[in-house]
Amino acid sequence: MARITKRALAATAGIVMLSTTLAACGGDEGDNGDGPGGTAGKGGTLYVKAEDAIEHLDPHRTYIGLHINMLARTVTRGLLTQSTTDDPAPIPDIATDTGTMAAGGKEWSFTIRDDVKWEDGEAVTCEDFRYGYSRNFATDVITGGPSFYPLSFTDIPGAAEGAPEYSGPYTEKGQDLYDKAVTCDGNTITYRFNKSWPDFNLAVAALHFAAPYRADQDKGDKSNLEIFSNGPYKLEGEWDKESGGTLVQNENYGADDTGTRKALPDKIVFQLGDKAETTYEEIIADAGPAKTTISFNRLPASMFSQIGNEIPEDRYLNVASPFIDYLWFNTEKLDPALRQALAVSTDREAWINASGGERSYKIADSIINPNVPGYAPNSVWKDVPPSGDADQAKTILEDAGIDTPVKVSLQYPQSEGADKQAAALQDSWNSSGLFEVELKPEGDVYYTNIQKPDHDYEIGWAGWGADWNSPSTVLPPLFDSRANIQGGSLGQDYGKYRGDEFNKKLDEASIAAGAGDDAARDKAYQEGGHDPRQRRGLLPARERAVQLRLGLGC
Amino acid sequence: MLAYLVRRLFAGVILLLVMTLVVFMLFFASPVDPVQFSCGRNCSPELKKQTEKALGYDKPAVVQWKDFVQGIAVGRDYPDDPELRAAAPELVTECNAPCFGYSTFNTKTVNEEIAETFPISLSLAIVALIIWLTGGVLLGVTAALTKGSILDRGLVGASLILYAFPTFFIGLFALKFIAIKWGLWDKPVYTPIAEGGIGEWLYHLLMPGAVLAAVFMAAYVRMTRAFVLESMTEDYIRTAKAKGVRPRIVLFKHTMRAALTPLVTMTGLDFAGLMGGAIITETVFNFNGLGKLAVDANKVYDLPTIIGLVVLLAAFVIIANIIVDVLYAVIDPRVRLG
């Protein structure tokens with residue numbers, strides 16, 4: 001996910017949770033409540049709690065995977081959707097099939113079903129999709145969403161530079177340009193792009209930037225916390241940003257025809273604002289609504305000791321997330337040998353233990369998450385033990401003629417947890433006697449600073465997750481210097497990595513993807529991602545989403 | 001008296017204006033880029049410019065401040081972009097005077113935000129005030145009247161212990177054990193009087209109100225005790241006693257009146273501070289009051305909300321100060337305003 005916020009959980013985790021809860025929860029008043037692992041029951045109320053407010057309900061402004069999968073997809077159906085199984089292939093939702101790619105990925109067409117309805121009974125039309133997509137271009141109104149993608153890909157003059165000449169449906173400036181780029185022919189919608197977008201089908205299945213929207217329901221910014229549903233649930237009353245809202249069954253939703261939205265509870269009540277600890281205390285106490293409550297938030301590490309005691313093992317889920325935590329090195333400032341020595345001497349186990357242990361993280365061996373097709377373990381980590389190898393690091397430094405101990409600094413966004421993790425890293429490096437590491441924590445200004453082209457930070461922390469199931473949303477946004485380093489910003493290329501060979505591999509991968517050759521695409525990404533290993537950030541930890549399962553009523 | 005009030009109110013308005021200007025300048029002097037924060041990480045320079053415009057941060061800080069002050073005086077319409085307003089008038093949000101701004105994060109005017117959160121903070125502050133004043137003054141007077149006894153020492157010791165416990169500890173303890181684990185009290189959920197009646201409203205406010213009041217009560221026990229003891233040593237008390245005035249009259253008419261004067265000052269300022277300062281209690285109990293609104297606004301650098309709250313909370317303190325000064329004159333006949 002482009003949003004780095006740690007509160008954002010994964011698409012995968014969200015889908016697993018959603019399928020689990022919606023399939024297994026009998027609810028507090030339902031006709032079936034067999035307990036954990038019991039058969040699915042229909043009826044009752046599912047309570048969903050979250051610590052933070054949900055910023056957007058508008059599908060085109062929603063970008064957090066957890067919100068898309070745990071809330072938005074219950075009220076918004078798009079062209080395609082993701083499966084609730086492990087199969088990463090998209091499945092048709094309102095489209096009749098998974099779409100047709102043409103012109104080497106520069107054109108995609110989908111045929112819209114005619115039997116899907118909005119909550120007021122009117123049919124969802126091709127024009128609704130065309131209008132919905134156009135909202136992404138109103139960047140002064142529709143903010144916060146993944147509009148970056150349609151803005152840069154759609155075949156509208158200026159789009160390739162990130163400033164399309166179309167300004168959305170409100171001002172209609174450049175409307176004729178949009179009308180050429182996105183067209184409806186009967187029930188068939190066609191999107192035209194200025195460059196190959198072979199993953200478009202994956203993108204629309206994972207994100208909602210191409211979701212349909214009814215023009216007569218559009219109030220711009222005022223629609224931000226409104227829901228006009230075409231999914232199995234609809235909003236009852238109003239949504240309060242701070243406290244949540246209640247979803248009830250949408251009578252105009254037909255049967256579950258995709259196998260992804262069983263919609264068993266009568267109601268889904270979203271209650272926002274309680275601390276995660278409080279929610280989990282209630283779930284453990286297992287009284288009243290807590291029996292059918294789940295939480296958006298991870299089980300706090302301080303409560304791990306209760307697993308197997310107050311928290312039965314069968315009520316606990318540990319779901320992998322698509323996020324990878326990594327450390328980046330300033331390639332302009334640190335010698336390649338020094339970077340390599342730092343990488344191999346890192347005690348990744350200590351870092352993970354300082355973060356709650358294996359229930360929170362596990363060691364990663366690639367910047368590409370194992371859930372993403374095209375993942376392959378990076379061989380550079382094969383001979384490096386999880387606790388680091390100081391001897392190997394010493395040899396590297398000696399061979400390069402670098403005097404020890406080397407003074408370096410680690411910058412990171414400060415929090416209580418991050419302080420502990422940074423201290424563990426510092427210990428692991430300093431204890432080798434090869435380095436003298438200084439910790440330099442920063443507040444929210446960290447993210448602003450690491451994007452400045454002239455920053456002189458040496459080592460920094462970052463995290464990333466794929467926007468959809470493709471390495472194209474990992475390697476290019478992180479390391480393609482052509483896209484990142486421009487206009488006074490480093491983008492996500494915090495380590496200032498400029499690698500022509502690497503960029504060539506990205507181009508090869510893109511061409512292969514446009515030709516439909518997934519094997520060649522993955523090979524190119526792997527070669528690009530793995531080869532210049534000593535110049536890349538190291539990848540020590542993989543984040544997991546830790547969830548407590550439902551109350552006894554589910 | 002009227003001239004005094006007008007003078008104080010005028011000074012208060014000037015103070016508020018200066019405060020808003022300072023907050024604007026501090027906000028824009030901060031190294032954190034609120035536009036980057038809002039735009040996210042996949043933010044091209046062009047997209048950043050458009051987000052800056054959408055948030056209204058594309059104008060110089062002083063111009064933004066002038067617009068803000070103008071909005072308070074005559075109201076404003078949002079969005080600011082004239083092109084967008086002309087093309088799509090249905091998107092315009094009217095914000096009548098006194099308009100504190102429009103929060104793009106919460107998609108509503110700051111006035112609406114305040115209207116939603118103010119009753120919660122006010123309710124919480126009133127219940128807490130009643131608890132801490134009743135408990136603090138009663139126990140403080142009791143301790144003073146039984147000075148040196150076991151009861152006095154017990155009350156002073158207990159208040160010291162209570163004072164040492166931070167609010168978040170007491171709050172979390174009450175929530176975790178009394179409400180959730182032992183089930184002795186329902187978990188508080190703010191219920192407006194219009195929805196649940198006074199009984200329901202009060203029931204859900206008692207626990208957070210008591211938590212909020214605890215530290216204040218402990219402080220007021222000690223202060224009341226000290227003030228009463230000090231008053232009891234005054235010559236006029238001795239004289240009253242010597243004249244054979246009944247002890248109850250001595251206590252309530254002479255001792256308490258003098259002892260109450262400094263308490264009134266503190267109560268006024270504490271109450272005003274609580275309107276936006278009950279951050280911990282509101283966060284622990286998930287009461288969406290002004291304090292929690294302020295915390296949330298700070299998290300996302302929501303300048304309009306921050307400024308609106310600064311003005312409102314500062315106004316509370318200024319008004320409370322004026323009321324306290326007026327009350328001085330009522331309680332203490334020696335004080336004359338002018």
Side-chain angles (χ1 to χ4, degrees), chain A residues 2-4 52-53 55-56 63 138-141 143-144 146-149 151-152 158 161-163 167 169-173 218-225 240-243 271-275 277-278 281-282 284-285 287 290 443-445 447-449 451 467 477 486-489 491-492, chain B residues 30-33 36-55 78-79 81 83-84 86-88 90-93 102 104-108 113 116-117 172 175-177 179-183 186-187 189-190 283-288 292-293 296 299-301:
Chain A
R3 300 287 296 272
I4 197 161
D52 295 307
E55 287 177 41
H56 310 289
Y63 196 3
T139 51
D140 49 351
V141 180
T143 57
S147 59
F148 167 81
Y149 292 111
L151 254 63
S152 57
E161 294 78 42
S167 61
Y170 307 119
T171 61
E172 296 185 333
K173 206 164 79 181
D218 191 0
K219 289 176 269 180
D221 193 39
K222 292 182 217 167
S223 299
N224 187 37
L225 293 178
D240 184 282
K241 188 177 180 190
E242 301 301 324
S243 56
Q271 296 177 332
L272 312 178
D274 275 342
K275 292 284 169 202
E277 288 85 351
T278 304
E281 291 289 354
E282 286 184 286
I284 291 167
D444 287 328
V445 71
Y447 298 103
T448 303
N449 286 347
Q451 291 193 316
D467 271 345
Q486 55 173 306
S489 172
Q492 277 75 240
Chain B
S30 154
V32 177
D33 181 355
Q36 182 74 47
F37 196 83
S38 175
C39 189
R41 292 175 57 211
N42 258 345
C43 189
S44 65
E46 288 76 15
L47 197 55
K48 194 173 168 183
K49 264 186 213 161
Q50 284 164 324
T51 307
E52 193 174 35
K53 189 176 165 191
L55 293 173
Y78 294 90
D81 182 7
E83 194 182 344
L84 184 63
E90 69 277 11
L91 301 187
V92 174
T93 299
Y102 180 84
T104 52
F105 290 94
N106 294 327
T107 352
K108 56 178 76 159
E113 291 182 312
E116 287 169 11
T117 51
L172 285 174
L175 186 64
K176 181 173 176 177
F177 288 98
I180 296 174
K181 200 156 191 174
W182 300 331
D186 286 347
K187 188 182 153 208
V189 178
Y190 178 76
T283 304
V284 167
F285 289 97
N286 192 19
F287 274 36
N288 293 313
K292 194 158 178 279
L293 179 65
D296 293 341
K299 277 185 195 168
V300 294
Y301 299 96

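Remember, it's a predicted structure, so these values are computed and weren't measured experimentally. Letters A, B, ... are given to chains in the order of the sequence lines, protein chains preceding strands, and every chain is numbered from 1.
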Does any heavy atom of chain A fall under 4.5 Å from the side chain of [X], the backbone, both, or neither of them?
X        : value
B/Asn106 : both
B/Thr117 : neither
B/Ile180 : both

Selection from A/Asp240, A/Asp221, A/Asn224 maximising heavy-atom pairs under 4.5 Å formed with chain B:
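Going by pairs under 4.5 Å, I would pick A/Asp221.
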Largest heavy-atom contact set with chain B, pairs under 4.5 Å, which of A/Glu172, A/Lys275, A/Glu277, A/Lys241
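Heavy-atom pair counts peak at A/Lys241.
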Within a strict 4.5 Å, meaning less than it, do heavy atoms of the A/Asp467 and A/Tyr149 side chains meet?
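Yes; the side chains approach each other to less than 4.5 Å.
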Which atoms of A/Ala285 come close to chain B, meaning under 4.5 Å heavy atom to heavy atom: side chain ones, backbone ones, both, or neither?
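Looking at A/Ala285, just its side chain touches chain B.
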Sort A/Ser223 into side chain, backbone, both or neither according to what part of it lies under 4.5 angstrom from a heavy atom of chain B.
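Contact with chain B: none, neither part.
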Donor on one side chain, acceptor on other, A/Asp140 and A/Tyr170, under 3.5 Å:
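Side-chain D/A pair, A/Asp140 to A/Tyr170: absent.
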Looking at B/Glu116, B/Lys176, B/Lys108, which makes the most heavy-atom pairs under 4.5 Å with chain A?
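Highest number of heavy-atom pairs under 4.5 Å: B/Lys176.
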Quick one: salt bridge (Lys or Arg N to Asp or Glu O under 4.0 Å) partners of A/Lys219, sequence neighbours excluded?
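A/Glu226.
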With B/Lys187 via salt bridge (Lys or Arg N to Asp or Glu O under 4.0 Å) - residues at least two apart
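So B/Lys187 forms a salt bridge (Lys or Arg N to Asp or Glu O under 4.0 Å) with A/Asp274, A/Glu282.
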